[in-house]
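Following: one structure in structure tokens, then a few remarks.
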Amino acid sequence: ADVWFDDTVKPVRGVAALEHYMAESAAGAESCTVEPEDWVRKGPDFYIRWRMHIRFKKFRKGRTTSTLGLSHLRFDRDGKVAYHQDYWDSARGLWEHVPVLGWAIRKIKSRL
């Protein structure tokens with residue numbers, strides 16, 4: 001009930017807030033798949049490396065973008081996720097596809 005979730009775009013706390021955030025996120029995507037590639041367990045913590053493929057409804061229409069990420073999960077005594085922290089390049093996976101902002105990010109990256 002008191003889940004902590006942070007996908008590097010927005011941190012949320014609680015099941016109701018998470019459900020709302022996920023519904024809003026899903027509404028902005030034409031399609032989204034996450035492919036787990038590898039995982040490891042260390043005590044109560046799990047680390048899952050994944051690849052996400054997403055096609056946005058508003059950004060770069062008709063184009064699927066892909067990015068790699070890692071999720072850190074911790075489960076409670078009932079086996080429910082109590083903590084979920086994602087680590088991924090949100091600039092590459094999301095922000096670079098937003099008009100104007102994406103252009104600026106790509107321009108900055110080209111100068112590095």
Side-chain angles (χ1 to χ4, degrees):
D2 197 28
V3 65
W4 169 258
F5 175 87
D6 187 347
D7 66 355
T8 76
V9 175
K10 181 178 181 178
V12 294
R13 180 162 214 128
V15 172
L18 180 57
E19 287 174 346
H20 178 75
Y21 177 65
M22 288 297 189
E24 281 186 336
S25 297
E30 185 178 312
S31 66
C32 181
T33 59
V34 178
E35 300 171 353
E37 294 191 347
D38 196 14
W39 66 276
V40 67
R41 178 182 180 183
K42 179 136 175 109
D45 298 319
F46 289 80
Y47 302 89
I48 303 167
R49 187 170 47 92
W50 45 262
R51 184 178 304 272
M52 180 173 62
H53 308 282
I54 189 165
R55 186 179 292 230
F56 299 102
K57 287 181 179 177
K58 294 183 179 179
F59 313 132
R60 300 222 175 164
K61 291 182 180 184
R63 186 170 175 194
T64 300
T65 63
S66 298
T67 188
L68 292 172
L70 179 83
S71 293
H72 175 192
L73 304 174
R74 185 173 297 143
F75 295 85
D76 65 14
R77 291 181 182 163
D78 297 324
K80 295 180 179 179
V81 176
Y83 175 85
H84 179 143
Q85 173 69 57
D86 284 340
Y87 302 94
W88 63 290
D89 183 354
S90 58
R92 184 179 190 184
L94 172 63
W95 304 121
E96 282 186 13
H97 308 290
V98 176
V100 182
L101 179 60
W103 175 86
I105 291 170
R106 289 188 301 275
K107 191 74 168 169
I108 291 166
K109 282 178 142 182
S110 74
R111 293 174 181 242
L112 297 177

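Remember, it's a predicted structure, so these values are computed and weren't measured experimentally.
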- Over all heavy atoms of both residues, which pair between F56 and T65 is shortest? Give the atoms and the distance, please.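 Taking F56 first and T65 second, the nearest heavy atoms are CE1-OG1, 4.0 Å.
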- Applying the side-chain contact (heavy atoms from CB on, under 4.5 Å) test to L73, which of H84, R41, Q85 qualifies?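 Going through the options one by one, the only one that passes is H84.
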- Message: Under a plain distance cut-off of 3.5 Å, with no hydrogens placed, do D86 and S71 share a side-chain donor-acceptor pair?
- Response: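 A pair is found: one side chain offers a donor N or O, the other an acceptor, under 3.5 Å apart.
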- Task: State whether a side-chain donor-acceptor pair under 3.5 Å links S31 with R55.
- Result: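 Absent: no donor and acceptor within the cut-off.
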- Item | Close side-chain approach of M52 to C32, heavy-atom, < 4.5 Å |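 In short, these two side chains touch, coming nearer than 4.5 Å.
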- Could you state whether V9 and V12 fall into the same hydrophobic cluster, counting links through intermediate Ile, Leu, Val, Met, Phe, Trp or Tyr residues with side-chain heavy atoms under 4.5 angstrom apart?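 Yes, one cluster joins them.
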- Message: Test of understanding: clusters of I, L, V, M, F, W, Y form through side-chain heavy atoms closer than 4.5 Å, transitively. Do L68 and V34 belong to the same one?
- Response: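 In one cluster: no.
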- Can you name the residues that form a salt bridge (Lys or Arg N to Asp or Glu O under 4.0 Å) with D45, not counting sequence neighbours?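 Partners of D45 under the salt bridge (Lys or Arg N to Asp or Glu O under 4.0 Å) test: R74.
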- Got a second to check how far R63's CZ is from E30's CD, nearest 0.5 Å?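 Spacing of CZ (R63) from CD (E30) equals 14.0 Å.
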- Task: Starting from W4, walk the hydrophobic network (Ile, Leu, Val, Met, Phe, Trp, Tyr; side-chain heavy atoms closer than 4.5 Å) and list everyone else you reach, by chain and number.
- Result: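 Under the 4.5 Å side-chain rule, W4 groups with V40, Y47, L70, Y83, Y87.
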- Are E37 and R51 ion-paired here, with the side-chain N under 4.0 Å from a carboxylate O?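 Judged by the 4.0 Å cut-off on N to carboxylate O distance, E37 and R51 do form a salt bridge.
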- Query: Taking K57 for the side chain and A27 for the main chain, is one N or O donor matched with an acceptor at less than 3.5 Å?
  - Reply: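 Confirmed, K57 side chain pairs with A27 backbone.
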- Query: Got a donor-acceptor contact below 3.5 angstrom from the D78 side chain to the K80 backbone?
  - Reply: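 A pair under 3.5 Å: no.
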- Please assess S66 against H53 for the test side chain to side chain donor-acceptor pair (under 3.5 Å), listing each intermediate value before the final yes or no. CA-CA 4 Å; S66 298; H53 308 282; 2.6 Å; yes
